[in-house]
Amino acid sequence: MDPLSPHPPYDFDKLLDLLRRYAYPTLDRVHGAAYRRVFRVEDQLALVEVISEGTVEKPLLRAHILARTGDFQESLLREKIRHVLAIESPDRAAFFRMAQRHDTLHAVVGRLYGLPLLHTEDSFEALVITLIEQQIAWKAALRAQRWLVEWAGQTIEYGGETYYGFPAPRQLADSSVDDLKPLKTTFRRMEFLIQIAQKIAGGDLNLAGLSAQEAYQTLLKIRGIGHWTAAVTLSRAFGFRQHLAHNDAALQAAVNRYFYGQTGRASPQALIDAFSPYDGFAGDAALYTLLRWVFDEYPP
């Protein structure tokens, strides 16, 4: 494949450092100094390895297909790689320039300079993992996500290791609550996951091509999806961060520590007040604050 040239700053090593802190890696994997992930392209799977040959200010990435299950258009895979790795995100530079002008924010996110904010492959993946994370601890959610991809069995074997692809909507749509019991979540949530997969597989829910506000309103019309789920899903799937996840428990704890110097969780209003000075970058500031919490709380 042709090399990838992300908008700077792009700190690939910092991305790997973040991923090493995930207790139960699922899709985004670290192998030495490389990033690996299984992508789904035209109903085929491809295991891709990405390495860095550049610097933070002059980034250059090279992607290689390590293994595949069949033939597909490589141009489609390339677009998926560009999307997941946030190659064309100019907001990263603008955000860190803004943060440097605000002492309080810069003290929180300065050490994360150049860290790219990864996207999910599509909105189905983002919505499912966000629904799994509702009201449970992060490590438990990661463990459940790992179980889900293992259950789905969309795998590629390479170098003596097994790499997992995310289940296709139809696979989850055709499952039952009994199938999903090992997720260790509520029966209602398992039923809802299946219903969402059925909507997407049947073409009744498609967020692609919608504006941030249209996608947000579309999700809120679905009974069982509230502000947090919609906001986090759109951030992960498309980088839409116009809606602040003010009711995120981990983010509330991070804000209380870094912005107010207190323990416990900040109130939703205190969280909103903390990020309101950053206008169009409030959502980015919140996500980087949450990632600072990950770096501080979870060793690699």
Side-chain angles (χ1 to χ4, degrees), residues 1-7 10 12 15-16 19 25-31 34-54 59-90 92 116-129 145 148-150 152-159 161-174 196-212 214-215 233-240:
M1 287 188 188
D2 293 334
L4 302 166
S5 300
H7 284 290
Y10 195 99
F12 187 76
L15 171 62
L16 299 185
L19 295 177
T26 52
L27 304 176
D28 302 305
R29 304 271 290 273
V30 178
H31 185 84
Y35 165 90
R36 290 181 178 179
R37 180 188 166 106
V38 172
F39 291 84
R40 183 183 301 279
V41 189
E42 297 182 317
D43 293 327
Q44 300 296 329
L45 301 178
L47 173 62
V48 173
E49 179 176 88
V50 180
I51 60 173
S52 173
E53 296 182 351
L60 182 69
L61 306 180
R62 288 197 182 273
H64 309 273
I65 301 173
L66 299 179
R68 64 172 84 193
T69 59
D71 295 329
F72 50 80
Q73 295 183 57
E74 290 194 11
S75 61
L76 297 179
L77 173 60
R78 180 179 172 82
E79 288 308 307
K80 284 179 174 281
I81 296 170
R82 295 179 69 85
H83 173 71
V84 168
L85 292 177
I87 297 298
E88 296 178 343
S89 175
R92 191 166 43 249
L117 301 175
L118 295 187
H119 302 140
T120 55
E121 192 169 339
D122 53 34
S123 56
F124 173 66
E125 179 189 326
L127 186 51
V128 169
I129 64 175
Q145 292 163 24
L148 181 65
V149 298
E150 290 177 346
Q154 303 294 303
T155 63
I156 288 184
E157 302 289 335
Y158 182 83
E161 294 188 51
T162 301
Y163 295 86
Y164 300 92
F166 203 73
R170 177 49 59 190
Q171 187 175 15
L172 192 55
D174 291 340
I196 288 294
Q198 290 171 342
K199 286 180 179 290
I200 293 176
D204 297 322
L205 177 59
N206 183 5
L207 302 178
L210 299 182
S211 69
E214 290 170 337
T233 295
L234 296 180
S235 172
R236 287 171 168 166
F238 307 113
F240 294 161

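Computed from heavy atoms alone, side chains included, the values below leave out hydrogens, waters and symmetry copies.
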Value rounded to 0.5 Å, distance of [atom1] in [X] from [atom2] in [Y]:
X	Y	atom1	atom2	result
L234	S211	CG	OG	10.0 Å
I156	T162	CD1	OG1	10.5 Å
I196	L127	CD1	CG	5.0 Å
D122	I200	CG	CD1	7.5 Å
Y158	L66	OH	CG	4.5 Å
L210	F240	CG	CZ	8.0 Å

Working for side-chain contact (heavy atoms from CB on, under 4.5 Å), residues D174 and Q198: CA-CA 8 Å; D174 291 340; Q198 290 171 342; over 6 Å; no
Test item: Q154 side-chain N/O and Y164 main-chain N/O as donor-acceptor pair under 3.5 Å: no
Report the C-alpha distance between L205 and F124 in whole Å, list the side-chain angles of each, state the deciding distance to 0.1 Å, and finish with yes or no for side-chain contact (heavy atoms from CB on, under 4.5 Å). CA-CA 9 Å; L205 177 59; F124 173 66; over 6 Å; no
Tell me every residue that passes side chain to side chain contact (heavy atoms under 4.5 Å, CB included) with [X], counting only those two or more places apart in sequence or in another chain.
X	value
S5	L60
V30	L16, L19, R20
P167	L148, V149, A152, Q171
S235	R241, L287

Heavy-atom pair with the smallest gap, counting every atom of [X] and [Y]:
X	Y	result
A201	A173	CB-CB, 4.3 Å
A86	H119	CB-CE1, 4.1 Å
A63	M1	O-CB, 3.6 Å
T233	S123	CG2-O, 4.3 Å
H64	I51	NE2-CD1, 4.3 Å
L172	A197	CB-CB, 3.7 Å

Please tell me if the side chains of S89 and H7 come closer than 4.5 Å, counting only heavy atoms from C-beta onward. no
Between T26 and Q145, does any side-chain donor sit less than 3.5 Å from a side-chain acceptor? no
Result block: side-chain N/O donor-acceptor pairs under 3.5 angstrom for residues 76-83, not counting sequence neighbours:
from: R78; atom 1: NH1; to: D2; atom 2: O; distance (Å): 2.8
from: R78; atom 1: NH2; to: P3; atom 2: O; distance (Å): 3.3
from: K80; atom 1: NZ; to: R40; atom 2: O; distance (Å): 3.4
from: K80; atom 1: NZ; to: E121; atom 2: OE2; distance (Å): 3.0
from: R82; atom 1: NE; to: E88; atom 2: OE2; distance (Å): 3.3
from: R82; atom 1: NH2; to: E88; atom 2: OE2; distance (Å): 2.5
from: H83; atom 1: NE2; to: T120; atom 2: O; distance (Å): 3.2
from: H83; atom 1: NE2; to: A237; atom 2: O; distance (Å): 2.8

Not counting sequence neighbours, which residues clear ring pair (Phe, Tyr, Trp, His ring centres under 6.0 Å) with F39? List them please. none
For F12, all residues meeting ring pair (Phe, Tyr, Trp, His ring centres under 6.0 Å), sequence neighbours excluded: none
Evaluate the side-chain contact (heavy atoms from CB on, under 4.5 Å) criterion for residues L207 and F238: first the C-alpha distance (whole Å), next the side-chain angles of each, then the deciding distance (0.1 Å), finally the verdict. CA-CA 10 Å; L207 302 178; F238 307 113; 4.0 Å; yes
side-chain hydrogen bond (donor to acceptor under 3.5 Å, both in side chains) partners for D28, two or more places apart: Y35, R37
With sequence neighbours excluded, what pairs up with T155 under the side-chain hydrogen bond (donor to acceptor under 3.5 Å, both in side chains) test? none
Kindly indicate, with the supporting measurements, whether the criterion side-chain contact (heavy atoms from CB on, under 4.5 Å) is fulfilled by R236 and I129. CA-CA 10 Å; R236 287 171 168 166; I129 64 175; 3.8 Å; yes
Partners meeting salt bridge (Lys or Arg N to Asp or Glu O under 4.0 Å) with E161 (sequence neighbours left out): R29
Any pair with a residue in residues 63-72 that passes salt bridge (charged side-chain N to carboxylate O under 4.0 Å, His left out), sequence neighbours left out, goes on the list, sorted by first then second residue, please. R68-E74
Going by side chain to side chain donor-acceptor pair (under 3.5 Å), name the pairs with one or both residues in residues 43-54, residues two or more places apart or in two chains. R36-E49, Q44-T69, E53-R62
